[in-house]
Amino acid sequence: MKILVCVKQVPDTNEVKIDPVKGTLIREGVPSILNPDDANALEAALAIKDNDPNVKVSVLTMGPPQSCEMLRECLSMGADDAYLLSDRAFGGADTWSTSNTLAAGIRKIGDLDIIFAGRQAIDGDTAQVGPQTAQRLDIPVVTYVQQVQVIGNKVVVQRQMEDGYELIEVQTPCLLTAVKELNEPRFMSIYDIVDACGKEITVWGHEDIKLSPENCGLKASPTQVFRSFTPPTKGKGEMLNGTAGEMSKSLVSKLKGLHVI
Ligand SMILES: Cc1cc2nc3c(=O)[nH]c(=O)nc-3n(C[C@H](O)[C@H](O)[C@H](O)COP(=O)(O)OP(=O)(O)OC[C@H]3O[C@@H](n4cnc5c(N)ncnc54)[C@H](O)[C@@H]3O)c2cc1C
């Protein structure tokens with residue numbers, strides 16, 4: 001069985017701060033990390049491999065050359081090989097264009113049984129790339145996967161819902177998007193980190209995956225970010241004083257005044 005995990009390098013949004021004077025985002029010194037949902041997706045693939053040594057796990061990303069650091073982290077966790085789609089022509093891609101490029105890379109890798117992606121990337125936050133990639137590859141997709149079991153050429157998954165889950169059986173090849181409840185990603189060992197340093201990462205540009213520059217990146221993006229801005233900070237909080245009864249009365253009247261209740 002061949003499994004591919006789509007992984008994205010993202011800024012650690014927990015570390016992004018807002019400049020209180022300029023009101024802009026402070027990006028300097030913000031570390032880049034493996035997108036958290038993608039770590040869960042990779043862990044799921046590696047757990048399948050743990051149970052069957054014939055399983056091969058590859059990772060794929062589209063991004064700048066520095067994404068290699070994140071791919072090495074994936075190799076250190078246990079992935080067998082890594083692919084980087086990197087080309088100036090891929091820059092400025094929206095989700096439509098990103099999924100088109102990823103699908104072209106996946107077609108070139110070929111012969112895959114399960115493709116995993118994260119549910120959502122913490123920077124773009126759209127949750128569109130997984131389903132769009134599946135659609136371009138014309139394969140079934142199950143999103144919000146919180147449990148996976150491989151049975152022959154079928155996969156049985158639990159799909160997370162707000163008030164429970166759906167149990168879905170899906171034929172391979174298929175694409176699954178992982179949520180954090182799926183598992184606890186493993187740590188890398190020193191031995192695996194050293195081993196991963198020696199592994200080669202396959203780098204492909206637009207010609208390698210047979211995409212013309214008009215069909216990738218900004219040029220192929222139906223949407224363009226027109227303006228981005230920092231949301232206004234919330235107003236100052238107000239403390240209520242008095243007995244519990246007085247404070248509740250005052251709170252209710254304030255909420256009524258704001259038409260909240
Ligand atoms: C309207 C719009 C315009 C944009 N314009 C620009 C722009 O001009 N310049 C720019 O740099 N960005 C732009 N972006 C951001 C860019 O589209 C996203 O970073 C990218 O398309 C992935 O979408 P996302 O982060 O929402 O991922 P999601 O859909 O939330 O990601 C879901 C999963 O898909 C997989 N995935 C996503 N991206 C990748 C990837 N690159 N490689 C491998 N796997 C991946 C991961 O498994 C991830 O967990 C734009 C986004 C939007 C919505």
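Atoms within a ligand are numbered from 1 in the order they appear, just like the ligands themselves. Nothing fancy with the numbering, it's 1 onward along the sequence.
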*Among the heavy atoms of Thr61, does any lie under 4.0 Å from an atom of ligand 1?*
yes
*How many angstroms lie between atom OG of Ser76 and atom CD1 of Ile193, to the nearest 0.5 angstrom?*
5.5 Å
*Could you verify whether a donor N or O on one side chain and an acceptor N or O on the other, from Asp94 and Gln224, lie under 3.5 Å apart?*
no
*Would you mind running through ligand 1 and noting each atom that sits below 4.0 Å from a heavy atom of Gln128?*
29 (O)
*Protein contact to atom 14 (N) of ligand 1 [nearest heavy atom, distance to 0.1 Å]*: Ala93 O, 3.6 Å
*Report the part of Thr98 in contact with ligand 1, treating N, CA, C, O as backbone and CB onward as side chain, heavy atoms under 4.0 Å; options are side chain, backbone, both, neither.*
side chain
*Show which atoms of ligand 1 fall inside a sub-4.0 Å distance from at least one heavy-atom site of Ala117.*
47 (O)
*Tell me: protein heavy atom nearest atom 41 (N) of ligand 1, and distance?*
Met62 O, 2.9 Å
*Starting from the C-alpha separation in whole Å, work towards a yes-or-no answer on side-chain contact (heavy atoms from CB on, under 4.5 Å) for Ile122 and Asn14.*
CA-CA 10 Å; Ile122 56 170; Asn14 292 323; over 6 Å; no
*Counting from 1, what ligand 1 atoms have a heavy atom of Cys6 closer than 4.0 Å?*
44 (N), 46 (C), 47 (O)
*For Thr172 and Asn153, does a side-chain donor sit closer than 3.5 Å to a side-chain acceptor?*
no
*Of the protein's non-hydrogen atoms, which lies at the shortest distance from atom 8 (O) of ligand 1, and what is that distance?*
Gly92 O, 3.5 Å
*Just which atoms of ligand 1 are under 4.0 Å from any heavy atom in Asn35?*
49 (O)
*Give a yes/no on ligand 1: does Gly63 have at least one heavy atom closer than 4.0 angstrom to it?*
no
*Check whether any side-chain N or O of Asp87 sits under 3.5 Å from a backbone N or O of His206 as a donor-acceptor pair, and report yes or no.*
yes
*Relative to the heavy atoms of Gly124, which atoms of ligand 1 are at a distance of less than 4.0 Å?*
24 (P), 25 (O), 26 (O)
*Give the residue and atom name of whichever protein heavy atom lies nearest to atom 18 (C) of ligand 1, and the separation in Å to one decimal.*
Lys8 NZ, 3.7 Å
_Give me the nearest non-hydrogen protein atom to atom 2 (C) of ligand 1 as residue plus atom name, then the distance to 0.1 Å._
Thr223 OG1, 3.7 Å
*If you have a sec, work out which protein heavy atom is nearest atom 5 (N) of ligand 1 and how many Å separate them, to one decimal?*
Val225 CG2, 3.5 Å
*Cation-pi check, Arg227 to Phe229: give yes when NZ or CZ is under 6.0 Å from the six-membered ring centre and within 45° of the ring axis, no otherwise.*
yes
*At a 4.0 Å threshold, what atoms of ligand 1 neighbour a non-hydrogen atom of Asp123?*
25 (O)
*Against heavy atoms of Ala127, which atoms of ligand 1 measure under 4.0 Å?*
28 (P), 29 (O), 30 (O)
_Any heavy atom of Gln132 closer to ligand 1 than 4.0 angstrom?_
no
*What atoms of ligand 1 come closer than 4.0 angstrom to any heavy atom of Leu102?*
42 (N), 43 (C), 44 (N), 45 (C)
_Heavy atoms only, cut-off 4.0 Å: how does Asp37 contact ligand 1, side chain, backbone, both, or neither?_
neither
*Rounded to the nearest 0.5 Å, what separation is found between the CG atom of Leu71 and the CD1 atom of Ile201?*
5.0 Å
*Looking just at side-chain N and O atoms, do Ser97 and Asn100 make a donor-acceptor pair shorter than 3.5 Å?*
no
*asked:* Is a donor from one side chain sitting under 3.5 angstrom from an acceptor on the other, for Ser99 and Arg136?
replied: yes
*For atom 32 (C) of ligand 1, what's the nearest protein heavy atom and its distance?*
Gly118 O, 3.5 Å
*Give a yes/no verdict on whether any heavy atom in Leu60 is under 4.0 Å from an atom of ligand 1.*
yes
*Determine the sole option in Glu181, Glu169, Glu166 for which the salt bridge (Lys or Arg N to Asp or Glu O under 4.0 Å) test with Arg159 is passed.*
Glu166
*Select the closest option to atom 34 (O) of ligand 1 among Thr126, Leu218, Leu34, Val129, judged by heavy-atom distance.*
Val129
*Pick one of side chain, backbone, both or neither for how Asp125 approaches ligand 1, counting any non-hydrogen atom pair under 4.0 Å.*
backbone
*Looking at atom 48 (C) of ligand 1, what's its closest protein heavy atom, distance included?*
Asp38 OD1, 3.5 Å
